[in-house]
Amino acid sequence: MDLQAIQTHPAFNQLARERARLGVGMSIVMAAAYFAYILTIAFWPRLLGRPLWDGTVITWGVLIGVGLIALGFILTAVYVRRANSRFDQLSQLLLENPR
């Protein structure tokens with residue numbers, strides 16, 4: 001296969017654009033959530049130190065921290081699903097018709 005032909009192929013350009021857009025978007029979401037959590041710990045620690053309900057030792061900070069970990073797994077699952085559907089279709093199209 002000719003490298004120049006692949007780089008100018010419309011399916012390759014679309015694949016590169018979609019992967020970059022999805023990756024950057026997900027990175028921004030994760031970074032914003034993480035930094036919001038860290039800034040909340042730094043500037044409003046009492047907010048996250050409150051118990052979920054009276055009589056428990058589990059705080060909102062712990063719950064939100066677990067939520068951040070879950071967000072990472074969710075974003076990974078979304079990326080894998082997109083990669084296994086749309087990105088694989090574009091890759092297959094590129095392999096079948098390299099020009």
Side-chain angles (χ1 to χ4, degrees):
M1 279 191 227
D2 181 23
L3 182 61
Q4 184 65 25
I6 291 173
Q7 289 178 336
T8 60
H9 196 285
F12 176 78
N13 292 328
Q14 185 174 0
L15 175 63
R17 276 193 314 272
E18 288 183 22
R19 283 183 60 191
R21 190 176 330 129
L22 183 63
V24 168
M26 289 183 159
S27 297
I28 289 170
V29 167
M30 192 67 205
Y34 178 75
F35 284 117
Y37 182 67
I38 296 300
L39 289 173
T40 304
I41 290 171
F43 295 108
W44 301 285
R46 282 185 275 155
L47 180 68
L48 295 177
R50 292 185 182 164
L52 290 175
W53 60 83
D54 290 335
T56 186
V57 294
I58 301 173
T59 64
W60 283 101
V62 171
L63 182 66
I64 294 171
V66 170
L68 278 174
I69 294 169
L71 177 63
F73 282 108
I74 290 167
L75 290 176
T76 300
V78 168
Y79 186 87
V80 167
R81 182 177 174 140
R82 184 73 173 175
N84 288 338
S85 60
R86 180 68 180 153
F87 298 161
D88 281 354
Q89 288 173 354
L90 289 172
S91 295
Q92 190 63 34
L93 178 65
L94 185 58
L95 289 173
E96 290 171 358
N97 186 12
R99 280 197 188 173

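Every value quoted in this text rests on a predicted model; they were computed, and no experiment measured them.
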Count I, L, V, M, F, W, Y as connected when their side-chain heavy atoms are under 4.5 Å apart, and connections chain through other members. Are [X] and [Y] then in the same cluster?
X	Y	value
Leu75	Val80	no
Leu93	Phe87	no
Trp53	Trp60	yes
Val29	Leu22	yes
Leu52	Val62	yes

Least distance between heavy atoms, [X] atom then [Y] atom:
X	Y	answer
Thr56	Pro51	O-CB, 3.6 Å
Thr8	Asn13	O-ND2, 3.8 Å
His9	Ala11	ND1-N, 3.0 Å
Thr40	Leu47	CG2-CD2, 3.9 Å
Tyr79	Met26	N-CE, 3.7 Å
Glu18	Leu90	OE1-CD1, 4.0 Å

[atom1] of [X] to [atom2] of [Y]: how many Å apart, nearest 0.5 Å?
X	Y	atom1	atom2	result
Thr59	Leu48	OG1	CG	7.0 Å
Arg17	Arg21	CZ	CZ	7.0 Å
Leu63	Leu68	CG	CG	10.0 Å

Going by side chain to side chain donor-acceptor pair (under 3.5 Å), name the residues that satisfy it together with Gln89, two or more places apart in sequence or in a different chain.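 Side chain to side chain donor-acceptor pair (under 3.5 Å) check on Gln89 returns nothing, list empty.
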
Is there a side chain to side chain contact (heavy atoms under 4.5 Å, CB included) between Tyr34 and Leu71 once you walk through the steps? CA-CA 10 Å; Tyr34 178 75; Leu71 177 63; over 6 Å; no

Side-chain (Tyr37) to main-chain (Gly61) donor-acceptor, under 3.5 angstrom: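 Pair found, side chain donor or acceptor close to backbone of Gly61.
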
